[in-house]
Amino acid sequence: MSKKNHGDNDEKLHIDKNIFQMSAEAKSEEQKRIEDQHRKNAEERQKKAEEARDKRLEQERLELIRLKQGIIAESETIHEKHEEVPKLSLWKKIANFFYHNKWWLGIGTFVTAVFIWLAVGYITKPRPDIVILVIGENYALGNESTLAEYVEQFTPDNNGNGEILASVYYIPYTGQDQRDYANGVPTKLTAELQSADNVIVFCNKTADEIFDSDILLTDLTGLYPDNKFVNKERFMLSKTDFAEKIGLTKDQITEDWFIAIRNPIKLLYDDKDDMQERYDKDFPVFDAIINDLSK
């Protein structure tokens with residue numbers, strides 16, 4: 001092959017290559033133009049859709065204002081959508097109610113159970129004919145003695161149920177705030193001393209911190225003028241046979257223990273008439289105890 005022919009072929013190959021490149025570049029530009037056009041069309045549609053939506057929302061807002069102001073009775077642009085409520089059978093309605101209200105039903109059931117328990121306890125609880133308070137730290141006297149049985153022998157059937165029952169409420173007051181609060185003593189004292197259910201009290205020297213004796217306790221001097229165990233409002237117990245009669249030893253009733261009776265006054269939970277009624281019922285029991293221990 002001659003050099004001329006070889007050169008012609010190279011030149012032809014180079015020309016063909018340039019034409020191919022030009023064709024590919026032209027196709028690429030056309031594709032890009034088409035894609036740009038599609039993108040512009042999509043952006044234009046999106047823009048129109050947003051404008052249409054904003055216009056619709058604005059119209060609905062204006063319609064809503066007119067509705068609220070009473071300018072128009074109903075709107076042609078605002079339409080409420082009401083979903084059709086499926087019809088449920090009776091059992092499904094009941095199940096649905098329990099499912100949606102299970103927490104409230106649980107709380108209600110608990111409260112009802114507590115109320116029933118308290119009501120049953122109140123109905124079935126024995127009603128005492130008399131309540132005696134033991135105020136002061138003396139576990140033997142408050143919990144281990146036969147004080148209730150001793151008092152019952154002087155107690156009439158006040159509630160008319162055919163039985164005699166005396167209840168002893170032990171309140172271990174020490175005068176030491178930390179110990180008393182730990183044992184719930186302030187709450188017990190308030191509940192009992194602000195109630196007319198009891199007037200006879202057995203106390204020790206800590207009573208000086210609780211009672212204003214001149215006001216709250218009955219002066220026994222005029223009632224028992226010649227009684228050697230009487231000291232103003234207090235009938236002292238240590239030198240009597242009180243310990244023996246309630247099943248304790250002499251040393252378990254120290255010299256500061258006494259029995260007293262509360263005066264009828266207006267209370268937090270009851271008025272003076274209620275306490276006077278209780279006083280009139282319990283004083284004969286108190287008097288019988290004094291006479292028995294004075295022998």
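Computed from a predicted model, the values in this text were never measured in an experiment.
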Is there a donor-acceptor pair under 3.5 Å between the side chain of D270 and the backbone N or O of A196?
yes
What do you reckon, is NZ of K266 surrounded by more than 12 foreign heavy atoms closer than 6.0 Å?
yes
Would you say that more than 12 heavy atoms from the other residues, nucleotides or ligands in this model lie under 6.0 Å from the CD of E255, or not?
no
Side chains of V151 and F286: closer than 4.5 Å at any heavy-atom pair?
no
With no hydrogens and no angle check, just 3.5 Å: does a side-chain donor-acceptor pair link N227 and S294?
yes
Does a side chain donor of either N138 or Q252 reach within less than 3.5 Å of an acceptor in the other side chain?
no
Look at the rings of Y150 and F154 and say which category their plane angle falls in: under 30° parallel, 30 to 60° tilted, over 60° perpendicular.
perpendicular
I want to check something: taking the side chain as every heavy atom from C-beta on, are I200 and I130 in contact at a cut-off of under 4.5 Å?
yes
In the structure I gave you, are the side-chain heavy atoms of P172 and V185 within less than 4.5 Å of one another anywhere?
yes
In sequence, state the C-alpha distance, the side-chain angles, and the governing distance for K245 and D292, and then conclude on salt bridge (Lys or Arg N to Asp or Glu O under 4.0 Å).
CA-CA 10 Å; K245 289 187 174 184; D292 181 65; 2.7 Å; yes
Mark yes or no for whether N198, through its side chain, and V131, through its backbone, hold a donor-acceptor pair below 3.5 Å.
no
Return yes when atom CD of Q178 has more than 12 non-hydrogen atoms of other residues, nucleotides or ligands closer than 6.0 Å, and no otherwise.
no
Less than 4.5 Å apart, side chain to side chain, heavy atoms only: is that true for R262 and V201?
yes
Using every non-hydrogen atom in the two residues, find where I246 and L147 come nearest and quote the distance to one decimal.
CG2-CA, 3.9 Å
Sub-3.5 Å donor-acceptor pair from the side chain of N204 to the main-chain atoms of W257, do we have one?
no
Do N183 and Y173 come close enough that some side-chain heavy atom pair is under 4.5 Å?
no
Distance only, no hydrogens: is a donor on one side chain within 3.5 Å (strictly under) of an acceptor on the other, for Q46 and E50?
yes
Co-membership, hydrophobic cluster, residues L220 and M236, 4.5 Å side-chain
no
Are any side-chain N or O atoms of D271 and backbone N or O atoms of D274, one a donor and one an acceptor, separated by less than 3.5 Å?
yes
Within the 6.0 Å centroid threshold, strictly below: F242 and F229
no
Can you check whether I164 reaches E152 side chain to side chain, under 4.5 Å on heavy atoms?
yes
May I ask you to decide if E244's main-chain N or O and D241's side chain share a donor-acceptor pair within less than 3.5 Å?
no
Are the side chains of D287 and P284 in contact, using a 4.5 Å heavy-atom criterion?
no
Got T206 and T174 here, is their nearest side-chain heavy-atom distance under 4.5 Å?
no
Just by modelled atom types, is the A191 backbone N or O under 3.5 Å from a matching donor or acceptor in the S195 side chain?
no
Donor on one side chain, acceptor on other, Q276 and D280, under 3.5 Å
yes
Can you establish whether the number of heavy atoms outside K250 located under 6.0 Å from its atom NZ is more than 12?
yes
